[in-house]
Enquirer: 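What follows is a single structure, and I will ask about it in a moment.
All values below come from the heavy atoms of this structure, side chains included, with hydrogens, waters and symmetry mates left out.
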There are 2 protein chains.
Amino acid sequence: MKKQYLALVEQLEAHGYRLTPQREIVLSILSETDKHVSAETLLLRVRQVYSRANKSVVYRNLDLLAQLGLISCVDLGQGRVEYEVHRHPHHHHLVCRHCKQVIEVSANAFAALQRELLERHGFAADMDHLAIFGLCRKCQSQQAAHSGHHPHAL
Amino acid sequence: MKKQYLALVEQLEAHGYRLTPQREIVLSILSETDKHVSAETLLLRVRQVYSRANKSVVYRNLDLLAQLGLISCVDLGQGRVEYEVHRHPHHHHLVCRHCKQVIEVSANAFAALQRELLERHGFAADMDHLAIFGLCRKCQSQQAAHSGHHPHAL
DNA sequence: GTTGCAAATGCAACTCGTTGCAATTGTAGC
DNA sequence: GCTACAATTGCAACGAGTTGCATTTGCAAC
């Protein structure tokens, strides 16, 4: 994954941003991780290398990377945001609001929608790393079974 | 809009929830408002009627209404969530991440995607009140104009 | 290697929203 | 109208993320 790390550094420098120690660590950890990380987890890992690492610095670096389109953020409904270096092809997340399962789907399914939004509204949708909530197959049948529910029964 | 208020009350009672003064006020304000309200705004309006209204109570009532599918929440990227009684037909939001403009689109455009997710993944997507980020027509051309940007130039 | 200065950091205080828990209240059954 | 008990409330503390501002640092020019 060294390649990915170098690509990130290159992008940053191309835009005139500095390469500070803390930033370097954040970049290297992100590029070594092939799934989503929460900011908190990331901070803990950064601190294993640089123990005085600071919360706001990590957040600011994540914001910067996201603004440059180098990483994506997604809120899978667990009360915290997860970050990940862009993968190709892009993917999205179907989150079951009952069993919390997350299904990854490729971006292909969303291409038609993207095209339509562009044609009809002139809107260039980001269409990366969407989280769509709903019910998975299993939980749909469960829900059908007992539809008349009571307070606190959820 | 009296009709809408009564429908909300009916739904709550049908599920065995109580009709408390604070709840009543939240319901009536929500049903009188035909656009999104933030929790903070809602709390202020509730307090105009019942000055000792409490933050967590308002949040809890909003959560409850959302869980019953009576209202929808959407995060338009301003660091706070907006709430609204369900309208028919459903609509979604295209949020320009540059000029912050919000374009409302009908849910029709999303029906095909919803169908595909169901067929291919057995996933019943909620598909209500999505916020999709991207660039509006105007900001796309602006962005094209000066693509080599510098720190703090965003 | 110094210097200048914007970029980056550290910190503390803040915002929005959530949660645990004890106190209160709505309502169904008597 | 009581009573019982779960639903609801009030409060204070918490958690994730943001922000303002003074300080420090990377780096480019000399």
Enquirer: Could you run through nucleotides 24-30 of chain D and give me one letter per nucleotide, 5' to 3': B if any protein heavy atom sits under 4.0 Å from the base, S if only the sugar-phosphate is that close, - if neither?
Expert: -BBS---
Enquirer: Nearest whole Å is fine: how far is C:dG17 P from B:Leu43 CG?
Expert: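 Going from CG in B:Leu43 over to P in C:dG17 covers 11 Å.
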Enquirer: Check A:Leu30 against A:Val85 and note the closest heavy-atom contact, atom names and distance.
Expert: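 Heavy atoms only, the tightest pair is O-CG2, 3.5 Å.
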Enquirer: In terms of side-chain heavy atoms of B:Tyr59, which of C:dC16, D:dG17, C:dG10 is nearest?
Expert: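 Output: C:dC16.
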Enquirer: Side chains of B:Ser38 and B:Thr41: is there a donor and an acceptor less than 3.5 Å apart?
Expert: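 The answer is yes; a qualifying pair exists.
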Enquirer: Does D:dG15 have a Watson-Crick or wobble mate here (both distances under 3.5 Å), and if so which one?
Expert: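 Matched D:dG15 with C:dC16 under the 3.5 Å cut-off.
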Enquirer: Any chance the rings of A:His129 and A:His93 have centres within less than 6.0 Å?
Expert: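 Here the rings of A:His93 and A:His129 have centres that are less than 6.0 Å from each other.
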Enquirer: Identify whether the distance between the nearest side-chain nitrogen and carboxylate oxygen of B:Arg87 and B:Glu104 falls below 4.0 Å.
Expert: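 Result for this pair is yes, salt bridge flagged.
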Enquirer: For B:Asn61 and C:dT19, give me the distance from atom CG to atom C1', rounded to whole Å.
Expert: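 After rounding, the gap between these two atoms is 16 Å.
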Enquirer: At less than 3.5 Å, do the side-chain atoms of B:Lys55 and the base atoms of C:dG17 form a donor-acceptor pair?
Expert: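 Indeed there is one.
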Enquirer: Expressed in angstrom and rounded to an integer, what is the separation of B:Leu12 atom CG from C:dT27 atom C1'?
Expert: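 Checked: the CG to C1' distance equals 15 Å.
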Enquirer: Using the benzene-type ring in the case of Trp, are the ring centres of A:His92 and A:His90 under 6.0 Å apart?
Expert: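 Ring-ring flag for A:His92/A:His90: false, centres at least 6.0 Å apart.
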Enquirer: Please list, for nucleotides 19-22 of chain D, all pairs of protein and nucleotide N/O atoms separated by less than 3.5 Å.
Expert:
from   : atom 1 : to      : atom 2 : distance (Å)
D:dG20 : O6     : A:Arg60 : NH1    : 3.3

